[in-house]
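Only one structure is covered here, and it is reproduced in the block below.
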Amino acid sequence: MFHPVNSRTNFPQLEEKISVLWKNKNVFARSVEARRDGRRFVLYEGPPTANGSPGIHHVLARVFKDIIPRYKTMKGYYAPRIAGWDTHGLPVELEVEKALGLTSKKDIEDFGIDKFNARCRESVFSYLKEWEAITERIAFWVDLDSAYVTMNNDYIETVWWAIKQMWDKELVYQGYKVTPHCPRCGTSLSSHEVALGYRDDTEDPSVYIKFKIIKGLPEGLSKNKPTYFLAWTTTPWTLPGNTALAVASDAEYVVVGNDKEYLIMASARLDAVGLDDYKVKEKLKGRQLVGAEYEPLFNPHEFGVERRRFQGSSELQLQKADKKLTYRVIATDFVSMDEGTGIVHMAPAYGEVDYEAGIENNLDFIHTVDLQGIVTGSYPFSGKFVKDADKDIIADLESRNLLFRSEKIRHTYPFCWRCEAPLLYYAKQTWYIRTTAVKNELIAHNDEINWYPEHIKHGRFGDWLQNNVDWAFSRERYWGTPLPVWRCESCGSYECVGGIKELEKKPGLSGFKEPLDLHRPFVDELTFDCQKCEGKMRRVTEVIDCWFDSGAMPIAQHHYPYENENLLEDGRLPADYISEAVDQTRGWFYSLHAIATLLFNRRCFSNVICLGHVLDAKGEKMSKAKGNVVEPWAVINKYGADALRWYFFTSTAAGNVYRFDESMVAEVSRRFLSTLWNVYSFFVTYANIDRFTPGGEGVSVELSELDRWIISELNQLIVDVDSGLDGYNPTEAGRRIEGFVADLSNWYVRRSRRRFWKSESDADKLAAYSTLYECLVTLAKLLAPFIPFLAEEMYQNLVCSVFTEAPDSVHLADFPVADESKIDKQLGEDIRLAMKVSSLGRAARSQAGIKVRQPLAVNYVGIDLKGRESLERVKPQILEEMNVKELKYDTVENVAALTKDGYVVVGESPCNSAISLEISPELRAEGVAREIVRRLQTMRRSAGFDIADHITTYYQGEAYIRQVMADFADYIKQETLSRELVEGVPEEGVFAESHKLSGYDIALGVKRL
RNA sequence: GGGCUCGUAGCUCAGCUGGUUAGAGCACCGAGCUGAUAACUCGGGGGGCGUUGGUUCGAAUCCAACCGAGCCCA
């Protein structure tokens, strides 16, 4: 006996019950261990930060991370999965700053780095419980107990080791990077923060400056008059940092002159600048200006400022003092003709594009401002804040006749969202990893990766690699893996430390405290002796980008190479599979790829499903501000985790955006899960009535054609689902299962109903039970990776309750293997056609107003010869489904012509169907008998009888009814489980009703025996 | 501003190696069936396949530009 299954169920409740079962039986761990001898299958879990609650998009990623290893486990792979937590980074710091009311780096330092970092340490696990709860609730099977944590000493030590490896290969260097910088908070802002602080209508200077040309003058100009390039800026304070002018190669430039001077600018901007009273002397292309040299507005060497020069990368070389310094004109592709003069002032220290152009053109690089926004050096305006220095600079230029015009404009400018100080784009010293040195390898290894969807490979990710720039990986912050670089206070030499033992051996080490904490400020106190001089080595202040932390997880989670030293050989790197959302292409996907390439020159992962984002029902991004964030718990508690999982797997291709609407999950539950459940419940109900016990292997039963058909479909399904999952396409695989379940429910079970219902337990009935049983058990296994709860419920009841020797969880079972010899493509096509013809027949009946319950003599089908053969093979099914005595074939044309003989014809290419409206007395009587049966069935139900209850039926009626009751007595008894058909008034208390059937009055009564 | 993706029925999605009249599910309307099924069956309304060009005998499908959305980067 199976446990009785109600046709309705509460999925969330069921799931929680199953969850407990798994826990009690330790199923996850056993499912992994059982495959210990199998080939390894490695999932890397991209670590989330547990300082906020998990959102619906996290559920999406986690179920995709789950399904593939579950499938692989069932296929015999050894697939341990380790959870991980990302614990460092600016978001964590910002959260803590907010909680403590701190607004600047100075605030943090006053508060104390030790106390601040202690708060960060607490904060990162503030939602750990909730993360663990949801992970378990959605059945993302991952080892939470051995989770790696990026802030642990072992983890950090491996990260240090990784940096040291790169350091030794000279892949780490110091350069500059232009970032939006708040001079008051003393920190860079992320682009997200910058976006918070844009202000329209900001008043700024708008000045036109003259740069005097020294060399490369256009010919034919009077040598007596000076010639200037005219450039424009809204940030005069960056002018002392100017080291080049940029033009557009293809644009037209003009030389205009008056009696005192010549000016050069783009013709397109002449009117806007208002040089009407100047005469055009010459026209030329931008490229003709390239290389022309001009005099700096301020020679840095005269004001005690250092001058450095790019060497083709972010590295800079100090330049000697040069009294006759000149700068030159370069061509770039970003010169705008919508504002300014078409000649752009370039200050590589104070603009991102300027900086990039600096690298490309080996320009000079000059810093004239410090991090507080104060002008350095010995300029007349030194010591002033940049925005205050503006007017002094303008005045200075005017006094030297280098100012053409000075105005004010209003435009949009970014301010610090916390302190409202104007942001400065500022080149800061930063540590870089020279990823460009391995660019070819990055590209080559990307070729070895299977991307789903495929376009990411050469699209978003491939492009990113093609345009690779060195990784600026240091952060001037507090809560992160400290950069393991020490600098000598006296000679300035650097050393990189790659591990704790190495550190302990450093001569003169001081500040080492137990218990060791590799975070600031404790590492900052570790000093040792310089090997080159008598000086002391002190750690630089930076921490590293937390993307480096997470990108190092393949080795750091195993504390490589200090432990697990064989991890490169035993299949743990590369991973077989990872999955995250698309925004990780330049985040985690990249950091994994880059680090593995830099360290080991191999790819880091072999297959990756790159997920689309989850948007709200209107297609808009979810945000707290909009209030459209979907709370995963609400959905899970209402519909269950399986419904949500199924929605994520099948609603759209994984790479597309998800337009999340709760009603979609509801639909999934109704359409798919409850259909499946009802087939299951139907089976259990009838199997229990008939005390069916599955025979297991080796018991042969004579299958009917219908059985052979669904078994054929089932085996085809196994092939399809297997190849879908093997190809990292759960969507396609899931949709196939949906199709199968629809066929199973709406054709196989409907067509087999009578086989289950009939009283005698013959071979045919056994075949039906065996077949449906096989379908359900196989479905449970196929579905296990998708909807682990429901699959388990079915398996527990269908398999475990019968076969004590079977694995005690569906997740310990093997994935089904198709028996391709049972796939009968022809039979599949035959049935498909039978379904179509049945549909046409029903349409014809519907049009004629004749119920399916009324038997008809003949059904004409217009179809080609091949179709006739098909239908002939499955004829009994059609006869029964259509309730006709005979099926006749003809050409489509001839069948269509039957209309004029009073037939009703319905057609849909390539076939049609016709029925006659004539009904013989015999057929009419049979129809009435079926009406009576239906009535009695309904009454049984209304009376509250059990399906298997036997009854006595009472009837009264006119002669015709009595005749029908007599003629069809056996049939009626069998269908309604009536032991007797008694003519007469039922006794007191019997459930009775009166009806008019086909024009005849009838009174019926049913009594449970 | 650049890159990638997406745009097909009211909604969610198929179709897109070019080839009859563009499909499914849900929703809606009408009818039917009902002792497995909040299921099912039949019918109906609802589509200028984002727009505009081009290639072709033929374009939802290939190409180009544009528009809109999402993401990433400026």
Side-chain angles (χ1 to χ4, degrees), chain A residues 5-8 191 194 333-334 336 338 352-353 356 453 455-464 466-467 469 581-587 590 610-615 617-621 647 650-653 655-661 663-686 731-732 735 738-739 741-742 745-747 749-750 752-753 756-757 772 835 838-853 881 906 908-910 933-934 936-949 975-977:
Chain A
V5 175
N6 198 289
S7 67
R8 291 197 199 159
S191 58
V194 175
D333 54 7
F334 54 76
S336 163
D338 298 329
E352 215 162 342
V353 291
E356 295 301 325
H455 62 78
I456 307 277
K457 179 174 186 165
H458 295 297
R460 192 175 285 210
F461 196 69
D463 277 352
W464 172 246
Q466 291 288 349
N467 299 314
V469 293
V582 272
D583 52 286
Q584 296 297 331
T585 35
R586 286 158 198 208
Y590 176 68
C610 194
L611 299 162
H613 282 110
V614 184
L615 307 178
K618 293 190 204 120
E620 287 177 26
K621 193 175 161 171
Y647 164 78
T650 60
S651 70
T652 190
N656 293 347
V657 296
Y658 286 81
R659 275 201 181 204
F660 189 90
D661 191 339
S663 68
M664 294 295 147
V665 182
E667 192 192 318
V668 156
S669 177
R670 248 195 358 255
R671 195 191 70 237
F672 177 67
L673 296 184
S674 49
T675 304
L676 175 65
W677 182 265
N678 280 304
V679 175
Y680 163 62
S681 144
F682 169 86
F683 170 82
V684 168
T685 305
Y686 284 87
T731 308
E732 199 50 43
R735 287 177 175 178
E738 282 184 350
V741 169
S745 170
N746 296 329
W747 191 265
V749 173
R750 192 169 79 234
S752 299
R753 231 139 113 185
F756 294 106
W757 187 233
L772 186 51
M835 289 175 175
S838 302
S839 169
L840 291 175
R842 276 190 292 263
R845 275 178 178 271
S846 174
Q847 248 179 54
I850 301 174
K851 296 175 176 178
V852 179
R853 215 180 296 123
E881 176 72 14
V906 169
E908 187 179 292
S909 158
V933 167
R934 184 187 79 83
L936 288 168
Q937 300 288 35
T938 310
M939 286 172 68
R940 285 175 57 103
R941 183 178 223 179
S942 309
F945 299 168
D946 195 76
I947 290 176
D949 285 339
E975 292 293 312
T976 60
L977 295 185

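Please read all numbers here as calculations on a predicted model, not as lab measurements. By convention in this document, chain letters (A, B, ...) are assigned in the order of the sequence lines, proteins followed by strands, and residues within each chain are numbered from 1. In what follows, every heavy atom counts, from backbone to side chain, and hydrogens, waters and symmetry copies are set aside.
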Sidechain-backbone polar pair: S669(A) side chain, V665(A) backbone, donor-acceptor under 3.5 Å: no

Integer angstrom distance from the C1' of U56(B) to that of G19(B): 12 Å

Euclidean distance for C1', G2(B) against G45(B) (whole angstrom): 46 Å

C1'-based separation of G48(B) from A36(B) [nearest Å]: 45 Å

Whole-Å gap separating P (U5(B)) and CG (L611(A)): 17 Å

Centroid-centroid under 6.0 Å between F461(A) and W464(A) rings: no

Distance, rounded to the nearest Å, where I850(A) contributes CD1 and C33(B) contributes C1': 16 Å

Pair partner, C71(B) [Watson-Crick or wobble, under 3.5 Å]: G3(B)

Separation between the C1' atoms of U51(B) and C67(B), rounded to whole Å: 7 Å

Paired nucleotide for G18(B) [Watson-Crick or G-U wobble; both distances under 3.5 Å]: none

Rounded distance in Å - NE2 (H613(A)) to C1' (A69(B)): 14 Å

Single hit among L676(A), N678(A), V684(A) for side-chain contact (heavy atoms from CB on, under 4.5 Å) with Y680(A): V684(A)

Exercise: identify the closest heavy-atom pair between T976(A) and L936(A): CG2-CB, 3.7 Å

Side-chain heavy atoms of S838(A) within contact of M835(A), under 4.5 Å: no

Atom pair distance, as rounded to whole Å: CG in D583(A) and C1' in G3(B): 16 Å

Minimum side-chain heavy-atom gap P453(A)-C610(A) below 4.5 Å: yes

Aromatic ring pairing F682(A)/F756(A), orientation class (parallel under 30°, perpendicular over 60°, tilted between): perpendicular

Any S838(A) side-chain nitrogen or oxygen under 4.0 Å from OP1 or OP2 of U41(B): no

Heavy-atom pair of closest approach, residues T585(A) and R460(A): OG1-CD, 3.3 Å

Interatomic distance at P, G47(B) relative to G3(B), whole Å: 36 Å

Nucleotide opposite G35(B) in a Watson-Crick or G-U pair, distances under 3.5 Å: none

Watson-Crick or G-U wobble mate for G46(B), both contacts under 3.5 Å: none

Backbone N/O of N6(A) and side chain of W677(A): donor-acceptor pair under 3.5 Å: yes

Whole-angstrom distance between G23(B) and U61(B), as gauged at atom C1': 15 Å

Expected rows: protein N/O vs nucleotides 45-47 of chain B N/O, under 3.5 Å:
none

Most 5' of R460(A) and E352(A) on RNA chain B, judged by nearest nucleotide: R460(A)

Flag, side chain of R670(A) to backbone of T675(A), donor-acceptor distance under 3.5 Å: no

Rounded distance in Å - CZ (R845(A)) to P (C33(B)): 12 Å

P-based separation of C13(B) from A39(B) [nearest Å]: 22 Å

W464(A) CH2 to C71(B) P, straight-line distance once rounded to whole Å: 18 Å

Distance, nearest 0.5 Å, that separates OG1 of T650(A) from CE of M664(A): 11.5 Å

Rounded distance in Å - CD (Q466(A)) to P (G3(B)): 15 Å

Distance in Å, E881(A) CD paired with R750(A) CZ, rounded so as to fall on 0.5 Å steps: 4.0 Å

Length of the line joining R586(A):CZ and C73(B):P, which is rounded to integer Å: 7 Å

Mate of C62(B) where both pairing distances stay under 3.5 Å, Watson-Crick or G-U: G54(B)

A666(A) backbone acceptor or donor facing R671(A) side chain under 3.5 Å: no

A24(B) pairs with, by Watson-Crick or G-U criteria that keep both distances under 3.5 Å: U12(B)

Protein-to-nucleotide contact annotation, 5' to 3' order, nucleotides 7-14 of chain B [B base; S sugar-phosphate only; - none; under 4.0 Å, heavy atom]: ----SSSS

Protein-to-nucleotide contact annotation, 5' to 3' order, nucleotides 34-39 of chain B [B base; S sugar-phosphate only; - none; under 4.0 Å, heavy atom]: SBBBB-

Nearest-Å distance once atom P is located in both G32(B) and G50(B): 40 Å

